Amino acid sequence: MSSDRWRRMLLATLVVATACRAGEGDARLGRAVGPRVDWTNANVHWVTQPQTVAGRFVAYFERNRRLWVGAVDAPTGKVSWEYAASASFLTPGVAIDLAHDDRHVYFAVPAASNVSAPGVVGVVAVDAASGTEIWTTDTSFLLLDSLTTCPGDDTMLCASGATSGGRREIRVAKGTGHVSTPLPDGTTAGTGRSLGAGLHDLGGRDPELIAAIDPSGRTLWTKTASELFQGRLVTSDHGWNWDRHGDILVGSLGWGDSDPSSFDLSQESIAGVDAATGSVVWVDDGAELGCGIVSLSRQESIRCRRTGTATSDPDDPDDVPVVTGLTVVMERFDPATGATLWQADLGAALSLVLDTAPLVRVTPTEFAVGRDDGTSIVVDIVSGHTRPPTLDDVGWCASTNVYVDSLTSGAPENRRGDDYLTQCRPDGSTVFALTASPVETGARLGQTLAWVDAGGMHAGTTGWVRWRARTGGQVTNR
């Protein structure tokens with residue numbers, strides 16, 4: 001996932017919306033498959049969208065500048081158990097994830113030495129139904145990204161980390177909590193990181209080395225960042241985005257230009273790399289993987305060719321970049337060869353560059369993309385078909401969710417959770433009625449659906465509903 005300030009970051013799990021049919025009259029009556037809201041839990045600041053584990057809704061939350069993991073009772077919305085957690089050295093700007101399987105959740109917890117050395121953690125396994133601790137690791141370390149199930153080995157958890165011996169991949173056995181650190185010596189402690197898809201930045205910068213790790217933790221190959229992009233000026237310091245498509249790793253690294261005030265959107269490159277050997281299969285210049293919609297690169301092989309320049313004041317972290325000369329062409333491509341399968345001209349699609357224009361998911365395959373002149377265009381990410389939005393289009397917008405973890409090392413004000421999800425129209429305006437189910441995010445338990453927005457965690461019972469868009473949004477089940 002990219003940490004580049006120029007790229008719009010949305011979750012891989014942006015919601016699906018269902019368009020509504022217009023009726024007669026100014027109130028505009030419609031029907032859509034959606035939930036009746038049964039409860040809202042706004043007692044804490046929910047940091048991630050919930051996961052369904054062992055009959056509970058489980059998520060990270062923040063309280064009193066501390067990070068916790070909590071389980072919510074599905075019928076009542078009450079927290080049934082909670083456990084102090086830590087983000088450790090998670091890269092600022094990258095969303096935290098909660099690892100889980102059918103029964104257990106796995107997460108970092110502050111170690112005994114955390115107060116004197118912020119960021120030092122262990123890992124626990126907790127039974128999601130009861131809140132009972134199953135095991136805790138007897139080794140402390142720093143984590144540089146979230147724990148995830150190891151690629152190719154669902155019995156292990158993996159994360160980049162650092163121990164007294166240097167920068168390592170941290171591997172934890174789900175069954176026992178046993179910790180192993182298979183990466184070789186000689187890497188730089190505290191500066192390496194996972195790039196996803198089994199790739200790891202080893203931390204050095206002269207040269208910048210990228211290693212591929214197999215499911216057993218064995219290093220398959222090590223290449224310089226420049227080698228992976230056939231001599232182009234790239235670095236993970238300015239972002240990254242990698243996915244695996246069969247035997248091919250497809251991804252990008254940030255452009256290595258040192259000028260922080262100006263960024264040429266056409267300088268980006270995507271590489272297709274043999275996962276087993278590191279051999280470069282293809283490189284495509286002038287394209288961005290995922291088009292600023294992170295989920296697309298996982299579901300469909302999507303890239304965008306962008307032209308234009310984004311400029312801002314590097315000394316003002318709140319300065320909104322100004323983009324000039326913007327054009328965006330979306331493409332679907334073949335991961336094995338890099339060949340283009342279709343193209344869609346989206347014009348000056350500002351929402352695929354900045355958060356200042358709306359980006360709305362209006363159907364399972366369609367996004368309404370905001371442009372710099374205030375208009376939007378709807379693009380189907382499977383077919384490439386485009387159309388203007390209609391008055392009946394209702395979808396879901398994402399907004400940034402930032403939390404504070406006082407036991408985290410680094411800049412806690414920059415810590416990022418899962419995006420909030422809010423129902424909206426293609427122009428980004430809020431719809432004051434829940435008219436569609438966010439079926440690709442949040443968590444389902446039977447007919448109950450839970451999700452998080454800025455107002456808290458909500459749960460609803462799915463079914464057919466009627467809604468009144470302009471009169472306060474009365475919702476009744478049918």
Side-chain angles (χ1 to χ4, degrees), residues 1-3 9-13 46-51 53 58-62 66-70 83-101 104-111 114 118-126 128 137 140-151 153-154 156-162 167-174 177 179 181 183 190-201 213 236 239-243 294-295 298 400-405 407-412 414-419 441 443 452:
M1 182 186 301
S2 172
S3 59
M9 299 178 61
L10 294 177
L11 282 182
T13 55
W46 294 101
V47 169
T48 60
Q49 295 293 333
Q51 306 284 346
V53 189
V58 188
Y60 282 105
F61 68 86
E62 175 201 342
R66 289 284 308 279
L67 189 64
W68 302 75
V69 171
Y83 208 117
S86 175
S88 192
F89 262 85
L90 179 68
T91 302
V94 176
I96 191 170
D97 292 324
L98 180 62
H100 67 94
D101 52 29
H104 305 111
V105 288
Y106 309 91
F107 51 93
V109 296
N114 186 282
V120 177
V121 296
V123 173
V124 297
V126 175
T137 56
S140 299
F141 37 78
L142 303 175
L143 285 181
L144 307 175
D145 51 43
S146 299
L147 291 160
T148 60
T149 299
C150 296
D153 186 352
D154 59 9
M156 301 290 290
L157 300 166
C158 286
S160 293
R167 219 289 302 175
R168 295 287 191 272
E169 182 187 38
I170 306 296
R171 295 173 61 87
V172 182
K174 287 184 178 180
V179 177
T181 54
L183 280 183
T191 59
R193 53 198 163 203
S194 170
L195 304 181
L199 293 181
H200 297 264
D201 176 352
I213 311 300
S236 69
W240 66 88
N241 186 8
W242 288 89
D243 296 297
V294 176
S295 64
R298 276 72 172 177
T400 301
N401 180 4
V402 176
Y403 67 96
V404 176
D405 177 11
L407 296 184
T408 291
S409 181
N414 291 333
R415 299 293 156 177
R416 185 184 179 102
D418 287 347
D419 283 348
T441 194
V452 167

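What you see below is based on every heavy atom in this structure, not just the backbone, and it leaves out hydrogens, waters and symmetry mates. Not measured: the values here are computed from a predicted model.
Nearest approach of M156 to K174, heavy atoms of both residues: O-CE, 4.1 Å. In terms of heavy-atom proximity, P50 sits nearest to A443 at O-CB, 3.6 Å. Of all non-hydrogen atoms in Y83 and V124, the two that sit nearest each other are OH-CG1, 3.8 Å. For A197 against D243, the heavy-atom pair with the smallest separation is CB-C, 4.0 Å. Across V47 and L67, no two heavy atoms sit closer than the pair CG2-CD1, 4.1 Å. Residues P110 and A84 share a closest heavy-atom pair of CD-O, 4.0 Å.
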In sequence, state the C-alpha distance, the side-chain angles, and the governing distance for F107 and V126, and then conclude on side chain to side chain contact (heavy atoms under 4.5 Å, CB included). CA-CA 9 Å; F107 51 93; V126 175; 3.9 Å; yes
Working note: Y60 + Y403, criterion ring-ring contact (aromatic ring centres under 6.0 Å, His included); need CA distance, chi angles, decisive distance, verdict. CA-CA 10 Å; Y60 282 105; Y403 67 96; 7.9 Å; no
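Side-chain contact between L157 and T148: absent, with no pair of heavy atoms (C-beta onward) separated by less than 4.5 Å. Side-chain contact between V452 and D418: absent, with no pair of heavy atoms (C-beta onward) separated by less than 4.5 Å. Using a 4.5 Å cut-off on side-chain heavy atoms (C-beta onward), D145 and V94 make no contact. In this structure, the side chains of Q51 and V105 stay at 4.5 Å or more apart for every pair of heavy atoms. In this structure, L199 and W240 have side chains that are not in contact, with every pair of non-hydrogen atoms separated by 4.5 Å or more. Considering only heavy atoms from C-beta on, E62 comes within 4.5 Å of V404 through its side chain. Two residues are said to be in side-chain contact when any heavy atoms from C-beta on lie closer than 4.5 Å; H200 and C158 fail this criterion. Between L98 and V69, some side-chain heavy-atom pair lies under the 4.5 Å cut-off.
Taking CG of L195 as the start and OG of S160 as the end, the distance is 7.5 Å to the nearest 0.5 Å. For the atom pair H100 NE2 and T149 OG1, the distance stands at 8.0 Å (nearest 0.5 Å). Atoms CD1 and CZ, from I170 and F141 in turn, are 5.5 Å apart once rounded to the nearest 0.5 Å. For the atom pair OG of S86 and CG of L142, the computed distance is 9.5 Å after rounding to the nearest 0.5 Å.
No donor-acceptor distance shorter than 3.5 angstrom exists from the side chain of T48 to the backbone of A59, with no hydrogens or angles considered. Under the 3.5 Å distance criterion, the side-chain polar atoms of D405 are matched with a main-chain donor or acceptor of A87.
Classification of the F61-W68 ring pair by plane angle, with boundaries at 30° and 60°, yields parallel.
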